[in-house]
2 protein chains.
Amino acid sequence: MNACAQCTVRETAICSSLSADELGALNSLGRHQMLRRGQTMVWQGDESLLVGNVIEGVLKLSSSTVDGREQTLGIIFPSDFIGRPFGPTATHSVVALTDAQVCTFRRSAFDEFAQQHPHLEHNLLQRTLTELDRTRQWMLLLGRKSATGRVASFLMEMANRAAPCAGAGNGAETIGFDLPLGRQDIADLLGLTIETVSRQLTGLRDQGIIAIPNRRAIEVRDMERLEGCAEEA
Amino acid sequence: MNACAQCTVRETAICSSLSADELGALNSLGRHQMLRRGQTMVWQGDESLLVGNVIEGVLKLSSSTVDGREQTLGIIFPSDFIGRPFGPTATHSVVALTDAQVCTFRRSAFDEFAQQHPHLEHNLLQRTLTELDRTRQWMLLLGRKSATGRVASFLMEMANRAAPCAGAGNGAETIGFDLPLGRQDIADLLGLTIETVSRQLTGLRDQGIIAIPNRRAIEVRDMERLEGCAEEA
DNA sequence: CGTTCAATTGATACGGATCAATGCAAGTGG
DNA sequence: CCACTTGCATTGATCCGTATCAATTGAACG
């Protein structure tokens with residue numbers, strides 16, 4: 001029996017570049033793993049032993065300075081690839097933001113398999129290039145944008161990447177979604193403090209650009225003005 | 001005749017993953033190009049038409065916000081790869097910081113060639129993964145470090161990556177190098193202003209950690225204390 | 001109803017941006 | 001060879017945005 005057959009990310013993860021036979025071979029190398037919210041899957045600086053795909057849930061990639069301040073380097077959604085293949089050490093930590101399900105491989109086994117399957121490597125290269133572009137976009141944000149700009153950009157990214165949950169239902173072009181991160185996580189991602197994030201959110205709310213039904217949910221009420229904020233100096 | 005035979009980066013650029021025959025084939029697709037200091041090779045947002053290798057000189061990768069503020073996303077040294085293969089648009093600009101010599105390929109031709117040579121793609125994947133790690137390290141810097149920490153980190157990175165030029169010569173463990181960037185470029189890279197960069201440099205000088213023989217050169221006099229500064233909040 | 005934990009709100013301090021002036025070296029033309 | 005220009009870099013004074021410190025509110029849960 002092949003666990004991949006009913007996998008929800010079968011067509012969107014790197015696996016999509018494999019034939020049924022190849023998939024079977026890869027499947028025999030991997031195993032499923034559940035992660036609880038808050039659980040760390042990979043530790044920064046550890047030997048790189050695992051790589052894998054996210055099947056369900058949201059994780060973060062993060063790194064800490066010597067004095068303990070944390071910076072989140074990226075958010076990882078279902079069908080994204082995790083880990084550092086072809087290298088001895090994990091350069092960053094991976095932590096589950098929600099309960100999550102991942103499909104993991106021993107790095108050495110994955111590396112070997114990948115080298116024998118150029119299509120897989122090509123897919124991985126494409127993903128890595130895209131991720132590099134995305135990361136550089138965040139660099140621009142961290143280097144040059146104001147707190148408002150950062151929060152607005154973040155909300156737009158989430159509106160695009162997080163699975164939208166049904167809005168108010170009427171004809172309005174409202175976009176609603178749940179935040180998989182708490183305020184502290186957002187602050188770590190944007191290079192701000194929790195207080196500043198909070199103030200910016202209430203600021204956007206008071207301007208009527210967004211609504212905050214509850215602490216985990218966001219509704220974008222005026223996407224155009226939000227875009228305007230996202231470009232702020 | 002094969003221009004690659006006497007190429008100075010033959011063994012360190014992506015070309016190192018190719019046999020002599022393959023190299024000949026790739027060579028027939030490429031052409032050499034000279035760039036003057038300040039010249040832009042790729043424009044952010046343009047159709048991605050070119051990729052290539054840096055043979056000589058230093059370039060920067062940069063992106064601008066809508067209101068014109070610029071952020072440098074990376075520095076590109078000889079044997080580094082330039083451009084965005086496998087994608088229709090260039091997401092960032094590439095500008096020469098010094099006079100430079102690059103070896104360019106039409107993207108479509110390169111893409112096709114790469115897909116037929118898994119070794120080359122593997123090498124490119126490795127490079128991209130390394131570059132992604134490096135970029136994320138800069139994210140940590142931009143998000144969480146003070147001005148002093150940023151400048152110190154920058155100097156350390158340059159001390160490692162730029163070709164060292166002979167120090168004072170005596171037994172001191174002084175490390176000297178030339179900056180390929182002006183103050184404005186440094187500011188753009190670190191997400192600071194030119195004034196702040198200047199103040200931090202003179203600060204480090206006044207503490208005796210570095211010396212500034214002239215505006216383009218730096219001598220690190222106390223690497224340990226510089227490391228200390230680099231970790232500053 | 002009290003406990004707990006996260007988020008919000010308020011008051012203040014500080015770091016870096018901004019605005020403005022000066023300094024310094026490399027051309028340029030008389 | 002020397003005045004003049006030009007383009008960076010440095011230095012100074014002030015302002016503003018975000019961090020920091022501290023208190024309050026609000027929701028989830030026993």
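Each chain gets a letter, A, B and so on, in the order the sequences are listed, and its residues count up from 1.
Within the structure, every side-chain polar atom (N or O) of T196(B) is placed at least 4.0 Å from both OP1 and OP2 of dG16(C). Regarding contacts with the backbone of dT9(C), every side-chain N or O of S198(A) stays at 4.0 angstrom or more from both OP1 and OP2. Within the 4.0 Å cut-off from OP1 or OP2 of dA19(D), at least one side-chain nitrogen or oxygen of T193(A) is found.
In this structure, L181(B) atom CG and dG7(D) atom P are separated by 20 Å, rounded to whole Å. Atom C1' of nucleotide dT18(D) and atom NZ of K145(B) are separated by 20 Å, given to the nearest angstrom. Following rounding to the nearest Å, Q184(B) (CD) and dA9(D) (P) show an atom-to-atom distance of 9 Å. Here the P atom of nucleotide dT10(D) and the CD1 atom of I212(B) are 6 Å apart, to the nearest Å. One atom, CG of L179(B), and another, C1' of dC8(D), lie 14 Å apart when rounded to the nearest Å. The separation between D188(B) atom CG and dA17(C) atom C1' is 14 Å, rounded to whole Å. Summarising the geometry, the separation between CG on N214(B) and C1' on dA9(D) is reported as 12 Å, rounded to the nearest angstrom. For R183(B) and dA25(C), the CZ to C1' distance is 14 Å, given to the nearest whole Å.
Residue L192(A) is in sugar-phosphate contact alone, with no base atom involved, counting any heavy-atom pair closer than 4.0 Å across all strands shown. No engagement by R144(A) is indicated, since no non-hydrogen atom pair under 4.0 Å with the nucleic acid exists. Across all strands shown, G191(B) has heavy atoms under 4.0 Å from sugar-phosphate atoms exclusively, and none from any base.
Counting only residues at least two apart or on different chains, the salt bridge (charged side-chain N to carboxylate O under 4.0 Å, His left out) pairs with a member in residues 188-216 of chain B are R144(A)-D188(B). Residue pairs meeting the salt bridge (charged side-chain N to carboxylate O under 4.0 Å, His left out) criterion with at least one member in residues 73-84 of chain B, sequence neighbours excluded, are D133(A)-R84(B), D80(B)-R161(B).
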Checklist entry - Once each nucleotide of nucleotides 23-30 of chain D is scored for protein heavy atoms under 4.0 Å, what B/S/- sequence comes out, 5' to 3'? => result ---B----

Between the protein and nucleotides 10-13 of chain C, list every N/O to N/O distance that falls short of 3.5 Å.
| residue | atom | partner | partner atom | Å |
| --- | --- | --- | --- | --- |
| dG10(C) | N7 | R199(A) | NH1 | 2.9 |
| dG10(C) | O6 | R199(A) | NH2 | 3.3 |
| dA11(C) | N6 | R199(A) | NH2 | 3.4 |

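Evaluation of the side-chain contact (heavy atoms from CB on, under 4.5 Å) rule for A13(B) yields V9(B), C15(B), N53(B), S79(B) as partners, not counting sequence neighbours.
Contact check for K60(A) versus V94(A): no side-chain heavy atoms found under the 4.5 Å cut-off. Using a 4.5 Å cut-off on side-chain heavy atoms (C-beta onward), L132(B) and E131(A) make contact. Taking 4.5 Å as the limit, some side-chain heavy atom of V151(B) sits within range of a side-chain heavy atom of L204(B).
Between the side chains of E219(B) and T174(B), no donor-acceptor pair is found at a separation under 3.5 Å. A donor-acceptor contact under 3.5 angstrom links the side chains of S153(A) and K145(A), judged on distance only. Looking at T148(B) and Q200(B), their side chains do bring a donor and an acceptor atom within 3.5 Å of each other. Between the side chains of S63(A) and Q71(A), not a single donor N or O lies within less than 3.5 Å of an accepting N or O.
Shown here is E47(A), whose CD atom has no more than 12 heavy atoms of other residues, nucleotides or ligands within 6.0 Å.
In this structure, the helix from dC1(C)-dG30(D) to dG30(C)-dC1(D) shows an angle of 30° between the axis at its start and the axis at its end, each fitted on 5 base pairs and rounded to 10°.
Contact check on E231(A) versus R69(B) returns no salt bridge, with no Lys/Arg side-chain nitrogen under 4.0 Å from an Asp/Glu carboxylate oxygen.
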